[in-house]
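Okay, structure first, notes after.
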Amino acid sequence: MIRAENIKKSFGEQEVLKGISTIFEAGKTNLLIGRSGAGKTVFLKLLVGLLEPTSGDIWYDDTNFTQLSLKQKKAIRMQIGMLFQGSALFDSMTVEQNIRFPLDMFTNMTKKEKIDRVNFCLERVDLTGTNVKYPSEVSGGMQKRVGIARAIVQNPKYLFCDEPNSGLDPKTSIVIDELIRDITHENNITTVINTHDMNSVMEIGENIALLYQGNLSWQGNKEEVLESENQLLQDFIFASPFLQRLRSRALGN
Amino acid sequence: MQSAIARPEKLSMYGKETMRQMHDIGVGSLVIVAIISAFMGAVTAIQFAYQLQGGFIPMYYVGYIVRDTMIIELAPTITCLVLAGKVGSNMAAEIGGMRQKEQIDALEIMGVNTAAYLIAPKIIAALLVIPLLVIIAAFLGIIGGYIASTATGQITGGQYEMGLLSFYQPYFVFMMIVKSVVFAFILTSISCYQGYYVTGGSIELGKASTNAVVLSDIAILCADYIVAILLT
C-alpha cells in the first residue's frame with residue numbers, strides 16, 4: 001500500500017499540487033486520471049522519488065519514504081518497477097539485456113538463473129523468442145511489453161506505469177491493460193497507473209483518482225464512475241457527445 | 001562530480017561499461033587520430049625543411065623539430081581537440097539522449113547511481129585510452145614527417161633519423177603524458193556534464209553537444225597554457 005498525505009509541490013511561484021491525500025491499495029490497479037497539466041506526472045514522480053515534495057509525506061506501507069536518506073530510498077526503489085511512457089529501454093542493449101539489467105546490477109544470481117528469469121518474464125508478456133532483438137527492431141506495443149517485463153523482473157511490490165497506452169492502438173492498449181491488471185492480481189502488487197485512456201479507466205479502474213488543477217477532485221472505482229454526479233469527472237470521462245449518449249444508455253435514461 | 005565518484009553498486013558492471021567505453025573511445029577514434037597526426041607531422045616536416053633550405057641551420061634539424069613539436073604540443077593538444085569534437089560530442093549526445101528518453105530516470109528508479117554509472121566509466125576509460133592515442137599520434141606524426149620530407153627530396157632519410165636522435169629529452173614525453181591525462185579528464189567531464197543536465201528537446205540536445213565541444217576546446221587550450229607554465 002502507498003499512502004500520500006497532504007502532498008504539495010511548487011515550482012517557483014507555481015503550485016502544481018495543492019495538498020493531495022490518497023491511498024493506493026495493494027493488489028489493485030490504482031489509476032491517476034486528469035487533464036493535461038493536472039499534475040499527474042508530477043505526482044507520479046513524487047511517488048517514486050524522482051522529485052521531492054514541497055511538503056507532505058509519502059508512505060510505502062509503514063515507511064515514510066519522504067523522510068528517508070538517499071541510501072534508504074534505494075532500498076525501497078529495489079522494490080519498485082516502473083513502466084515509462086516511452087518505455088525507456090536502453091538502445092544499446094538487446095531485449096534480454098534490458099530485462100536482465102536489474103538482475104546483473106543488484107543480484108548475485110548465476111547466469112542461468114538470470115536467463116531463466118528473463119525467459120519467464122518474456123513468456124509472461126507473450127514475447128518469447130525476442131531475446132536477441134534490439135528495442136529498435138520491435139514495435140511500440142512490444143517495447144511496452146519489454147518495459148513491463150523489465151519492471152517485474154525483480155518481483156516488485158510496487159509497480160508504476162506512466163501513460164502505458166500512449167501511442168498504441170485500442171486493441172494493443174487493451175492487451176497492455178489486461179497484462180498490467182493480471183500481473184497486479186497475481187503478485188499482489190500495488191500498481192499506480194497514470195493514464196488519459198478512457199478504455200483503461202472503464203476496464204481496469206479498481207481505484208481511480210481524478211486530479212484537477214492540482215487537487216484530488218474525485219476518487220472511486222469504475223462502477224462508481226458511471227453513477228457519479230461529479231461534474232468534473234463526467235466532463236473528463238464522457239467528454240464527447242457520443243460517450244455521453246453511451247453513459248445515458250448504460251444508466252437506462 | 002561528487003556522486004560520480006561514489007562506490008559502485010556492482011564493480012563488474014562498471015568494469016564492463018568501462019571496457020565498452022574504452023573500445024568506443026580507442027578503436028572508434030584510432031583512424032581519425034592516425035590520419036590527422038600523420039598529416040600534422042608531414043606538414044610540419046615539409047614547412048620546416050622549406051624554411052631551413054639555404055640557411056645556416058643543418059637540415060637534420062627537421063627530424064628534431066618534428067619530433068619535439070609532435071611530442072610536446074601537436075600530439076597531445078591537437079589530438080585532444082579532435083577527440084573533444086568526436087568523443088566529447090558523442091558522450092554529451094548519448095547521455096543527453098538517455099535523459100530525454102527517460103532512461104536515466106529508469107536507472108534512478110532501479111536504484112542505480114546514474115552519475116556514477118554513466119560518467120565514471122567514461123572518465124576512467126578516457127584517462128586510460130586517450131594517453132595511448134596521444135602516444136600513437138606522436139609516433140605516427142614523426143613517421144608522417146619522415147615519409148613526407150624524404151619523398152619530396154628535401155632531406156634524406158639519414159638526415160631525418162639523425163635529427164630524431166639529436167637532443168632527445170625523455171622529460172618531454174612525461175609532459176606529453178601529463179597533458180593527455182589532463183585533457184582527457186577535461187573533455188570527458190565537461191561533455192558528460194553537458195549531457196547529464198540537458199533539459200528540453202532536440203534543439204537543447206544539439207546545443208549541449210555543441211557546448212561540450214566548444215567548452216572542452218577552450219578548457220583544453222587554457223589547460224595547455226597552464227601545464228606548459230607549470231612543467232617548463
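Order of the sequence lines fixes the chain letters, A, B, ..., with proteins taken first and strands second; residue numbering starts at 1 for each chain.
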Relative to chain A, which segment of B:M110 carries a heavy atom at a distance below 4.5 Å: side chain, backbone, both, or neither?
-> both

From NZ (A:K74) to CG (B:N113), nearest 0.5 Å | 5.0 Å

A:N188 atom CG, neighbour heavy-atom count above 12 within 6.0 Å = yes

Is it true that atom CZ of A:R35 has more than 12 heavy atoms of other residues, nucleotides or ligands lying nearer than 6.0 Å?
-> no

A:Q79 versus chain B, heavy atoms under 4.5 Å apart: side chain, backbone, both or neither?
-> neither

Considering only heavy atoms, which portion of A:L83 lies under 4.5 Å from any heavy atom of chain B: side chain, backbone, both, or neither?
-> neither

If you draw a 6.0 Å radius around CG in A:D126, do more than 12 non-hydrogen atoms from other residues or ligands fall strictly inside?
-> no

Just wondering, more than 12 heavy atoms not from B:I229 lying within 6.0 Å of its CD1?
-> yes

Supply the atom-to-atom distance B:K101 NZ to A:D91 CG, rounded to the nearest 0.5 angstrom.
-> 3.5 Å

Is A:F11 atom CZ crowded by more than 12 heavy atoms from other residues, nucleotides or ligands, each under 6.0 Å away?
-> yes

With side chains defined as the heavy atoms from C-beta onward, is the minimum distance between B:D105 and A:M82 less than 4.5 Å?
-> no

From A:R77 CZ over to B:I109 CD1, what is the distance, rounded to the nearest 0.5 angstrom?
-> 6.5 Å

Compare every heavy atom of B:Q103 with every heavy atom of A:L89, then report the nearest pair and how far apart it is.
-> O-NE2, 2.7 Å

Does the side chain of A:Q85 come within less than 4.5 Å of B:E102's, by heavy atoms?
-> yes

Hey, does the side chain of B:K10 reach the backbone of A:T107 with a donor-acceptor pair shorter than 3.5 angstrom?
-> yes

Flag if over 12 foreign heavy atoms under 6.0 Å of OH, B:Y171 = yes

Top contributor to chain B contacts, counting heavy-atom pairs under 4.5 Å, from A:K45, A:R150, A:Q154 = A:R150

Within the distance-only criterion (no hydrogens, no angle test), does the side chain of B:E108 pair as donor or acceptor with the backbone N or O of A:L50 below 3.5 angstrom?
-> no

Is the number of heavy atoms from other residues, nucleotides or ligands under 6.0 Å of B:Y168 OH greater than 12?
-> yes

Look at atom OH of B:Y14 and say whether more than 12 heavy atoms of other residues, nucleotides or ligands are closer to it than 6.0 Å.
-> yes

Compute the ring centroids of B:Y117 and A:F101, then answer whether they are less than 6.0 Å apart.
-> yes

